[in-house]
Structure formats: structure tokens, C-alpha cells
Amino acid sequence: MLTKSSNMEAAGETPKTTSMTMIQALRSAMDVMMARNENVIVYGQDVGYFGGVFRVTDGLQAKYGKSRCFDAPISEGGIVGTAVGMAAYGLRPVVEIQFADYVYPAFDQIVSEAARLRYRSAGDFTAPITIRMPCGGGIYGGQTHSQSPEAMFTHVCGLRTVMPSNPYDAKGLLIASIENDDPVIFLEPKRLYNGPFDGHPDRPVVPWSKHPMAEVPEGYYTVPLESAAVFRAGKDLTVLTYGTMVWVSEAAAIETGIDAEIIDLRSIWPLDLKTIVESVNKTGRCVVVHEATRTSGFGAELVSLVQEHCFYHLEAPIERVAGWDTPYPHAQEWAYFPGPRRVGAALKRAMEA
Amino acid sequence: MSQDQVLRLHVPEPTGRPGYKTNFSYLCLSPAGAVRRPPIDTTAFETSDLASGLVRVLDDDGRAVGPWVPEITPERLRKGLRAMIKTRIFDSRMLIAQRQKKLSFYMQSLGEEAIGSAHSFALQPGDMCFPTYRQQSLLLARDDVSMVEMICQLMSNEGDSLKGRQLPVMYSYKRAGFFSLSGNVATQFIQAVGWGMASAIKGDTKIASAWIGDGATAEADFDTALTFAHVYRAPVILNVVNNQWAISTFQAIAGGEATTFAARGVGCGIASLRVDGNDFLAVYSASLWAAERARSNLGPTLIEWVTYRAGPHSSSDDPSKYRPADDWERFPLGDPIARLKAHLIQIDAWSDAQHEQMSNEVDAEVAAALKEAESYGSLLDGKIPSASSMFEDVYKDMPAHLHQQRQQLGV
């Protein structure tokens with residue numbers, strides 16, 4: 001089901017794996033990198049002694065000391081601003097924004113500073129920073145704990161925007177992000193932290209321990225950036241998606257019986273255009289799915305790219321499924337969330353056109 | 001009956017405007033030598049009087065007086081004088097070049113030359129300044145960045161190490177401890193704190209020097225920087241250059257009315273000084289005090305440098321529209337070059353003739369550098385970095401979409 005691409009497998013090693021949740025996989029990525037590179041440091045609100053509100057950094061302060069993993073004041077601008085300075089010094093800061101919804105006070109430091117430092121100084125200074133943040137809904141978080149702001153970052157030249165959909169990719173992508181010399185926005189779909197989610201909130205939660213994609217190597221490996229995965233091979237149409245919606249799209253394909261090929265972008269921007277174009281040219285139909293609001297969402301860019309590169313292979317208009325153009329509501333969460341029914345309807349429309 | 005009072009919005013005004021002279025009593029100056037010099041391990045609250053007073057060394061007769069008189073040789077002082085003269089002449093020649101359209105834009109530091117020049121003398125190799133666009137004296141006081149290099153940046157020509165991407169004066173010289181200028185104000189202030197924190201994390205000995213203007217202290221990055229610097233006891237000097245004006249906005253609009261910017265530091269738990277920024281000796285002495293604190297793990301020091309922006313904000317500004325034309329002549333802290341010159345003459349280490357000779361030598365050096373830089377091109381002759389290079393350095397490795405866009409441009 002998963003087209004894995006990692007340098008570890010290319011080397012032909014057989015690493016020891018452990019079943020990990022996405023939280024454990026992300027923690028393992030930071031653990032591995034802190035052990036390998038003493039310039040890697042981790043900080044953010046509540047990440048030190050307590051280990052983060054989602055416990056992603058649990059144990060790192062005890063293992064690496066307070067100067068390498070510590071609590072930050074409640075100041076997203078300060079967290080990213082200091083990270084820019086630390087990166088200019090030569091460190092590789094991995095900072096946590098407690099919720100993606102809280103990132104906006106840091107916007108100037110991300111957009112005007114981190115993203116453009118290499119360019120404006122012609123490489124004199126660089127900003128190899130990884131900015132982690134939980135994103136997405138499905139946990140009754142309301143409008144301040146549910147947003148998916150990826151399009152705010154993909155519009156900014158100089159940034160890399162990444163979103164994993166499973167523990168294996170989460171660890172490999174986070175290690176690749178920390179090693180990358182560009183600033184990386186690393187979005188973690190919080191609804192996937194403890195298990196895959198098919199978009200049916202009424203069904204029992206499936207833990208990662210029951211899923212093969214939770215088998216994660218204990219040591220170092222990377223999932224390269226700018227590399228998409230064929231999450232599910234299929235003939236009928238192509239679904240372009242990422243994060244939680246990978247799982248929702250899979251459920252929609254199963255429930256509709258449509259043989260959808262699901263491409264998990266993993267790196268949202270810069271992206272792996274080749275994998276997208278190959279799939280759409282093969283299937284001739286395309287559905288773009290994301291949880292974020294629709295208008296000017298990243299889906300618009302995907303639709304445009306497919307139109308530019310696959311127009312003469314298309315047999316149907318490209319469909320787009322997204323969150324409604326409203327703030328993320330609290331009580332009406334499941335009417336807002338683009339679940340399997342909405343995705344399934346789009347799959348059918350794409351097949352019937 | 002306070003409930004019957006009609007409420008009024010207070011919008012601060014400067015005491016002077018075109019047509020009537022500024023009353024500079026709002027500056028609340030202390031006499032030279034009057035302010036005490038505490039030990040470097042003082043607490044923040046014990047510096048309250050220093051944050052409202054004014055550290056000064058040079059009196060009106062050019063004598064160095066009081067507890068802040070630094071140990072510095074006449075030879076170093078002459079070098080400092082030269083740095084200030086060089087900055088002033090450099091600025092003046094670049095303004096002319098701007099009017100000749102050889103560069104698109106320029107920002108002079110007229111009247112503020114002492115601050116960067118003397119501060120630069122208090123730093124060590126490896127320290128990092130995070131400057132604003134008016135700290136060219138930090139660079140011009142050093143010997144390791146040539147004026148030719150700087151002018152190539154100003155002209156965005158083929159010799160510009162920033163490949164023509166940045167506005168004039170947005171220099172970047174990592175090797176000379178000069179962080180890349182953004183062009184957005186205040187952002188560098190918190191970055192400097194991060195740089196200092198990194199030095200402490202690594203167990204290094206280097207310190208950071210953060211710079212901001214009075215106007216930009218109103219940005220959140222200023223307050224954030226004070227919080228982080230205090231929390232982590234970051235080895236950083238937090239410099240606030242209060243030159244009274246942010247374009248046309250008087251410093252009271254940034255929050256300087258009936259208080260000082262140095263007082264903000266005390267409130268955040270940071271030892272803070274308010275210093276005569278036109279007094280080379282006071283700048284040097286206070287900078288050394290703050291640097292020693294940072295190097296001794298005593299944490300940050302905030303210094304408000306009281307000075308006056310004698311020229312326009314930039315080559316695009318006309319201050320006669322919003323302040324009295326003779327303001328600088330009447331500014332009570334005077335001209336930093338004239339004041340250090342008077343001191344050197346007072347201690348028999350300088351003369352008018354030597355001063356004139358130095359000015360002439362420096363002027364010839366600046367003229368020669370300008371000529372050489374022009375040989376690499378200017379905006380007038382179109383010898384600029386290639387359009388192809390515009391796609392480089394967005395990312396470390398150029399992604400496919402930028403390759404494609406470069407092909408579309410056909411370069």
C-alpha cells in the first residue's frame with residue numbers, strides 16, 4: 001500500500017523496528033537527531049520538563065539537558081525570532097508552536113526573516129529551522145485548535161511545508177526536515193497522533209499498534225522531501241491529498257468501490273510534481289482533497305498544476321473537496337469536516353462526468 | 001465628579017514644529033559626570049536612576065569627568081574620531097551619488113556617528129551585531145570591510161556580494177560581525193537574543209549586540225526580546241537608538257513621553273542605562289560595561305542612546321515638513337565629532353590642522369573607493385547582477401519549479 005522511499009532501504013539494511021504512534025515516532029526523530037548532532041536543540045511552550053501538551057518532546061530534557069530542550073515564554077514571535085538568531089549562529093533549532101492556530105504572531109519572523117534570510121544575504125546567513133505544529137481538526141478543538149494553515153506557508157517562497165500521514169513518514173520526514181538547510185514548516189495532523197482516522201467519528205478509534213505503517217525503525221532514516229508516496233494504487237482516478245485526508249480518502253474509495261489511486265503529497269511545497277503527473281495521466285481523472293478551507297487553499301494550486309500538466313489526459317473536470325469557507329466550528333465539527341461521504345460524492349462525480 | 005468629565009484622547013506632540021523652536025527640556029539631561037557607575041553585577045532595579053538619568057563623560061569644555069571616564073589611549077580616541085569622520089564623509093558622498101542616480105536610495109547617519117563607532121571598539125572579534133539601517137559606523141569603524149565592497153552593495157552592481165537583491169544599506173557581513181539587514185524594523189532585536197542564547201548554549205564566549213530605533217520599540221519584537229533576554233539571561237547588549245524621530249513620528253508616539261526607553265528595560269528585569277549618544281567616551285564606557293556584564297554571565301543590558309537624527313530619515317524624506325529646520329543646531333547634546341575633537345585638543349592630543357588633514361585624507365579615500373566601486377557598474381550603466389541569479393538562494397538547492405521559471409524567463 002505504501003511506496004516507501006528512504007535512504008535506509010536504499011542501503012539495503014534491515015533495521016530494528018518498533019510499533020510507534022505518530023507521537024512516539026516524532027519524538028524518536030528528535031531523539032535521533034539530538035544524539036547525532038549537538039547543534040540540534042528543541043524548545044517551545046511546555047516542551048521542556050512537561051514534554052509538550054501532546055507529549056511529543058517527553059523525556060528529551062531529561063536526556064539532553066535543559067540547555068538543549070527547554071520551555072519558552074508564550075510568544076510564538078519570540079520562539080521563531082530567537083530560532084532565526086540561533087540558526088544564524090550555527091544551531092539547528094526545532095521549535096514547537098503549540099497549535100498551528102497560534103502561529104500567526106510568528107508570521108513576520110517566518111515570512112520576512114526565516115524564509116528570506118538566505119536570499120537577502122546571498123547565503124551569508126541561513127535559517128535551517130524546523131517549525132513543528134499540530135494542525136487539523138477532529139478533536140473538538142473549535143476554531144483555535146483545528147486549523148490547517150498550510151496554504152499560508154506554501155505561498156511564501158523560501159519555505160518548505162511538510163505534512164506526514166503516518167508514523168513511518170512522520171519520523172523520516174522530520175529527520176529530513178531537521179537536516180534540511182532551508183526553513184521547514186512541519187505540520188502534524190493531531191487527529192493522527194494516536195491512530196489513523198477514516199473520518200467516521202462514531203467508530204471506535206483504531207490505534208497505530210494495529211497498523212503496519214506504525215512499524216518504525218528505531219534509528220536514523222529519512223523520507224526525502226519533495227517526494228510524494230502512492231499511498232494506494234488504483235486505476236479509476238487519482239486523489240491528491242495529504243495528512244488526515246489520506247485516510248479519509250481511502251475510506252471514501254473503499255465505501256464507493258471506486259479504484260482510486262491516492263497520492264500522499266507528504267511534502268506539500270516544493271512538491272513531487274512527477275508522481276502527480278504520472279498518476280493523473282494514467283487515470284485521466286483527479287480529485288483534490290484537503291481539510292483546510294477551500295478558497296485559495298492549496299487545492300487551488302494542485303488543480304492548476306494538474307490543468308497545466310495533464311490537460312490532454314483529463315477525461316473529467318477536476319473535483320475539489322475541502323473544509324467550508326467558515327471558521328472551524330465547535331459543535332458542528334462533523335458538518336464542517338470533509339468526511340468520507342463528501343469525498344465519496346466527489347469521487348463519484350469525477351467518475352460520472 | 002469624575003463621571004461627568006468628558007474624556008479626551010491624548011495624542012502626543014513634539015515641543016517644536018516648523019515655525020516654532022523645540023523646547024528640549026523634555027530630554028531631562030544630567031550634567032556630565034553626575035551619574036554614578038555601579039559594579040557590573042548590579043541588579044536591574046538598582047539601575048532605575050541610571051535609566052532615567054543620563055550617563056555623560058564629556059562636559060561642555062571637552063573635559064572627561066566623573067565615574068564613567070573610560071581608560072582609553074589618545075591613539076584609540078583619534079582612531080574613533082577618524083571612524084566618525086569617515087562615516088560622515090561616506091554618507092555625504094553617497095547622498096551625492098544617490099542624487100546622481102548612481103544608487104536608488106540612501107540612509108545617512110548624520111549626528112549619530114559616535115554610537116556605532118565607539119560601540120564597535122567595545123566589542124571583540126566573533127561578536128555579532130544585529131543592526132538597523134543607521135549603524136554603518138559599526139562597519140566603517142572596522143578595518144576588515146572595505147568601502148569599495150560597501151559601495152558595490154549600494155550600487156547593486158556586479159561587485160555586490162548580495163547579488164543586487166537588497167536595497168542600498170541593507171548590508172550583510174558575517175565575517176565582520178554584522179548581521180544581514182532585513183528592511184523590516186525590529187525583527188533583528190529578538191534574533192540577536194537568540195544568537196546570544198546560542199552562544200550560551202554552546203558554552204562559547206561571544207556576545208550579541210542588538211539594535212533598534214525609538215520608533216520600532218513599539219513593535220512586539222522589542223518587548224519579546226526583552227522578555228527572552230531576561231528569562232534566559234542572554235549575553236546581549238540591547239541598544240535603543242533614540243534619535244527622537246521615526247520618519248515624521250516624534251519619539252513620544254512610540255511611548256517615550258514622560259518616561260524613557262531605558263525604563264522599559266528595568267521593568268523587564270534588565271539592568272538599563274540612558275546614555276549621551278553624542279559623547280564618544282560615554283558610548284565607549286557604557287558599551288564596555290554592558291559587554292563585560294554579558295561576558296560574565298550577568299545577562300543583558302539595555303542602553304538607550306540619546307541622540308538626534310540630524311538628517312532626513314532617508315533620501316526620500318524631507319524633514320522640514322514636520323520639524324524645525326534648525327533643530328539639530330539647537331540640540332543640547334551637540335555634534336559628536338566636534339565634541340571628541342574638542343576633548344582631544346583639550347588633552348593636547350589633537351589640533352585643528354591635524355583635524356583638517358585627517359578630513360582631507362579620509363575624503364580622498366572615500367572618493368577613491370567610490371571611483372573603484374563604480375568601475376564594477378552602477379544603476380546608471382546597467383552593469384547589474386544577472387537576471388538568472390535572481391532564482392538562486394531561494395532554497396539551498398533549486399527546486400524544479402524555480403528551474404522551470406528561470407527557463408520561462410529565458411535566462
Side-chain angles (χ1 to χ4, degrees), chain A residues 38-39 41 43 65-68 70-91 93 105 108-109 111-128 157-160 180-183 225-226 267 269-274 305, chain B residues 128 130 160-166 170-175 178-184 186-204 206 208 210 219-221 223-225 227-228 231-232 234 236 385 389-390 392-397 399-402 404:
Chain A
E38 62 180 21
N39 288 328
I41 63 151
Y43 65 103
K66 281 204 289 189
S67 67
R68 292 189 62 199
F70 50 87
D71 289 330
I74 302 175
S75 169
E76 292 76 14
I79 290 168
V80 178
T82 49
V84 172
M86 290 183 195
Y89 180 92
L91 300 187
D108 193 31
Q109 287 289 342
V111 175
S112 310
E113 302 297 315
R116 297 207 293 256
L117 184 56
R118 176 189 297 280
Y119 191 77
R120 79 178 196 222
S121 72
D124 199 23
F125 293 93
T126 60
C157 46
L159 294 180
R160 293 179 179 275
N180 194 276
D181 290 326
D182 304 317
L225 304 184
E226 295 182 60
S267 286
W269 195 260
L271 52 52
D272 175 2
L273 185 62
K274 186 165 170 280
L305 285 170
Chain B
M128 185 66 70
F130 288 72
D160 174 12
S161 60
L162 303 185
K163 303 185 186 178
R165 293 175 189 152
Q166 275 282 55
M170 306 295 166
Y171 308 108
S172 176
Y173 295 106
K174 188 177 191 176
R175 67 174 203 272
F178 194 95
F179 184 72
S180 156
L181 274 161
S182 165
N184 283 16
T187 52
Q188 72 286 349
F189 215 60
I190 179 69
Q191 294 163 358
V193 175
W195 197 96
M197 288 169 67
S199 183
I201 287 167
K202 297 302 284 182
D204 205 339
K206 301 170 196 163
E219 292 281 5
D221 282 327
D223 298 285
T224 305
T227 300
F228 276 68
V231 167
Y232 300 106
V236 58
S389 72
M390 145 174 104
E392 295 163 4
D393 299 324
V394 182
Y395 298 88
K396 186 185 180 201
D397 301 310
H401 70 283
L402 287 178
Q404 194 191 2

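The chains referred to below are lettered A, B, ... by the order of the sequence lines, with proteins before strands, and numbering in each begins at 1. From a predicted model like this one, the values you see are computed outputs, not experimental measurements.
Most heavy-atom pairs under 4.5 Å with chain B: of the set A:Gly65, A:Gly90, A:Ala88, A:Pro128, this distinction falls to A:Ala88. Residue with the most contacts toward chain B among A:Asp181, A:Leu271, A:Leu273: A:Asp181 (heavy-atom pairs, distance under 4.5 Å). Between chain A and the options B:Val193, B:Asp223, B:Asn184, the largest number of non-hydrogen pairs under 4.5 Å is found for B:Asn184. With respect to chain B, the highest number of heavy-atom pairs below 4.5 Å among A:Ser67, A:Gly78, A:Pro105 belongs to A:Gly78. Of the listed residues (A:Lys66, A:Glu38, A:Arg116, A:Arg68), the one with the most heavy-atom contacts under 4.5 Å to chain B is A:Glu38. For the set B:Leu162, B:Asp160, B:Thr224, the entry with the most heavy-atom pairs within less than 4.5 Å of chain A is B:Leu162. Here B:Ser182 is the residue among B:Ala208, B:Ser389, B:Ser182 with the most heavy-atom pairs under 4.5 Å with chain A.
In this structure, chain B has no heavy atom under 4.5 Å from any part of A:Asp272. Only the side chain of B:Gln404 comes within contact range of chain A, judged by heavy atoms closer than 4.5 Å. Interface remark: B:Phe179 contributes backbone and side-chain atoms alike to the contact with chain A (heavy atom separation under 4.5 Å). Heavy atoms closer than 4.5 Å to chain B are found in the side chain of A:Asp108, but not in its backbone.
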Between A:Phe70 and B:Val231, is the side-chain contact (heavy atoms from CB on, under 4.5 Å) condition met? List the steps.
CA-CA 12 Å; A:Phe70 50 87; B:Val231 167; over 6 Å; no
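Distance check, rounded to the nearest 0.5 Å: OG1 of A:Thr126 to NZ of B:Lys396 gives 8.5 Å. Note that CG of B:Asp397 and CG of A:Asn180 are 8.0 Å apart. Values are rounded to the nearest 0.5 Å. Considering CG of B:Asp204 and OH of A:Tyr89, their distance stands at 3.0 Å, rounded to 0.5 Å.
Across B:Arg165 and A:Arg118, no two heavy atoms sit closer than the pair NH1-O, 4.5 Å. For the pair B:Phe228 and A:Ile79, the tightest heavy-atom approach, listed with the atom from each and the gap, is CZ-N, 3.7 Å. In plain terms, the two heavy atoms of A:Leu159 and B:Tyr395 that are nearest each other are O-OH, 2.7 Å. When all heavy atoms are compared, the tightest approach of A:Arg120 to B:Leu181 is NE-O, 3.4 Å. Nearest heavy atom pair, residue B:Ser180 against residue A:Phe125, reads N-CE1, 3.5 Å.
A donor and an acceptor atom, one from each side chain of A:Gln109 and B:Gln191, are located under 3.5 Å apart. With 3.5 Å as the limit, one finds a donor-acceptor pair spanning the side chains of A:Asn39 and B:Lys202.
Remark: side-chain polar atoms of B:Asp221 are not paired, donor with acceptor, to backbone N or O of A:Gly77 under 3.5 angstrom. A:Tyr119 places a side-chain N or O within 3.5 Å of a backbone atom of B:Met390 that can act as its donor or acceptor partner.
Among residues two or more places apart in sequence or in another chain, the side-chain contact (heavy atoms from CB on, under 4.5 Å) test is passed with A:Pro93 by A:Ile41, A:Tyr43, A:Ala83, A:Met86, A:Ala87, A:Leu91, A:Val95, A:Ile129.
Pairs engaging residues 187-200 of chain B under the salt bridge (Lys or Arg N to Asp or Glu O under 4.0 Å) rule: none recorded [sequence neighbours left out].
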